[in-house]
Number of protein chains: 2
Amino acid sequence: MSQTQCTEEAGADAYDVFARACPSRGTLEHVTGRWGSLTLCALSGDTLRFNELRRRVDGVSEKMLSQTLHALERDGLVIRDAQPTNPPHVEYRLSPLGRAAAERLQALIDLVETRMPDVMASRESYDAARGTG
Amino acid sequence: MSQTQCTEEAGADAYDVFARACPSRGTLEHVTGRWGSLTLCALSGDTLRFNELRRRVDGVSEKMLSQTLHALERDGLVIRDAQPTNPPHVEYRLSPLGRAAAERLQALIDLVETRMPDVMASRESYDAARGTG
DNA sequence: CGGCATCCGTGACGATACTG
DNA sequence: CAGTATCGTCACGGATGCCG
C-alpha cells in the first residue's frame with residue numbers, strides 16, 4: 001500500500017525536503033497548525049480524553065485529531081495515558097515542553113485576539129481600496 | 001471564473017465557516033502558516049523586496065509568496081511600499097502589529113529550536129516503540 | 001469509548017507562461 | 001523586477017466502516 005497519504009504512522013510530512021534542511025519546521029508546523037494549535041490550547045487547561053478533546057476543538061474530525069495527537073505525542077509535546085481497561089480510558093495531557101509551547105502560542109493568540117479590531121479595520125480598507133479601485 | 005482556489009483576492013480561506021465562529025482563526029493561520037511564519041520572520045530583520053524575500057523564504061513559490069503577502073497585508077501585519085518607477089521597486093516591511101506578532105512567533109520558534117534535541121529524542125523512542133512492537 | 005483503515009472530493013500548492 | 005492567470009497534482013482532510 002506504500003504511502004497513499006499520511007498513512008505512515010510516523011506522521012512524515014510531505015515537506016520532509018524542507019524539514020531536512022531545517023528540522024524544526026516540521027515540529028513548528030505541528031504546533032502552529034490549524035489543529036495542533038487548538039489542541040495545545042485545549043490541553044493547556046486540563047487533561048482530556050479523546051472525545052472531550054474532540055468536543056473542545058470545534059470542527060476537528062476524528063481522523064485529524066488522532067493524527068494531530070500522534071504528531072504531538074511523537075514530538076514529545078503531548079503525553080498519552082492509556083489504561084487498558086474496558087471500555088478503554090485514554091487521557092491526553094501536555095508535557096512540560098508542550099506546556100511551554102502552549103504558553104508561547106497563547107501569547108501569540110492573545111495578541112491576535114486583542115488586536116482583532118485593528119485587523120478587521122485593516123481588512124476593510126484593503127477591500128475597499130481594491131473594490132473601489 | 002468563480003473561485004477555483006484562493007484566486008479570490010480577499011484571501012478567503014476554505015475555513016470561513018470556522019472563521020465566522022472565531023474570526024481570529026483566519027488571521028492566526030496567516031501568521032502561523034508555513035509561509036506566513038517564515039515571511040514574518042524574514043521581515044522582522046529587514047525591509048525586503050519581493051525577490052529578496054523569495055530567496056530568504058526557502059522553497060516558497062512566487063504564487064504562494066504573493067498570496068501570503070496579500071493575506072498579511074490585508075490583515076495589517078505587513079506594509080507594502082510600491083514606488084511606481086521603472087523597473088518597479090516594491091518593498092515589504094512589518095507594521096507595528098506585524099512586528100509584535102513576529103516577536104511572539106519568534107519566541108515560539110526559539111523554544112522549538114532550542115528544544116529540538118528533546119523532540120528528536122522523543123521521536124526516536126516513539127518510533128522505536130512502534131517499530132519494535 | 002478509543003482508534004485505525006479506506007475511499008474520495010476539494011482545493012492548496014508548484015511550475016509555467018504572460019503582462020507591465 | 002513585480003506580479004497575475006492558468007493548469008495539473010496530490011496531499012489534506014471528511015465520511016464511513018470495523019475492531020478491541
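Every chain is numbered from 1, with letters handed out A, B, ... down the list of sequences.
- At D:dC1, none of the side-chain N or O atoms of B:Arg49 fall inside 4.0 Å of OP1 or OP2 (strictly under the cut-off).
- Regarding contacts with the backbone of D:dG3, a side-chain N or O of B:Arg80 is found under 4.0 angstrom from either OP1 or OP2.
- With rounding to whole Å, B:Phe50 atom CZ is found 18 Å from C:dG20 atom P.
- For the pair A:Leu69 CG and D:dG13 P, the computed distance is 15 Å after rounding to whole Å.
- Note on A:Ser66: every side-chain N or O is 4.0 Å or more away from OP1 and OP2 of C:dG3.
- Taking side-chain N and O atoms only, B:Asn51 has a distance below 4.0 Å to OP1 or OP2 of D:dA2.
- What separates CZ of B:Arg34 from P of C:dG11 is a distance of 17 Å, to the nearest Å.
- Separating the OG1 atom in B:Thr39 from the CE atom in B:Met64 is a distance of 9.5 Å, to the nearest 0.5 Å.
- Whole-Å rounding puts the B:Gln67 CD to D:dA2 P distance at 19 Å.
- Counting non-hydrogen atoms of other residues, nucleotides and ligands closer than 6.0 Å to CZ of B:Arg99 gives a total above 12.
- The side chain of B:Tyr92 places no N or O atom within less than 4.0 Å of a non-bridging phosphate oxygen (OP1 or OP2) of D:dC1.
- Rounding to the nearest 0.5 Å places CZ of A:Arg25 at 4.5 Å from CG of B:Leu38.
- Set against D:dC1, C:dG14, D:dG14, the side chain of B:Pro88 has D:dC1 as its closest nucleotide.
- Here CD of A:Glu62 is found 12.5 Å from CG of A:Leu53. Values are rounded to the nearest 0.5 Å.
- What separates CD of A:Glu62 from P of C:dT6 is a distance of 15 Å, to the nearest Å.
- A:Gln83 places its CD atom 12 Å from the P atom of C:dG3, with the value rounded to the nearest Å.
- In this structure, the NE2 atom of B:His89 is 11 Å from the P atom of D:dG3, given to the nearest Å.
- As a whole-Å value, the separation of A:Trp35 CH2 from D:dA11 C1' is 16 Å.
- Among the nucleotides C:dT6, C:dG14, C:dG2, the one closest to the side chain of A:Val90 is C:dG2.
- Contact annotation: B:His70 side-chain N/O to D:dT4 OP1/OP2 distance is under 4.0 Å.
- Considering only side-chain N and O atoms, A:Arg54 lies nowhere under 4.0 angstrom from the phosphate OP1 or OP2 of C:dC1.
- Rounding to the nearest 0.5 angstrom, the gap separating the CH2 atom in A:Trp35 from the OG atom in A:Ser61 is 7.5 Å.
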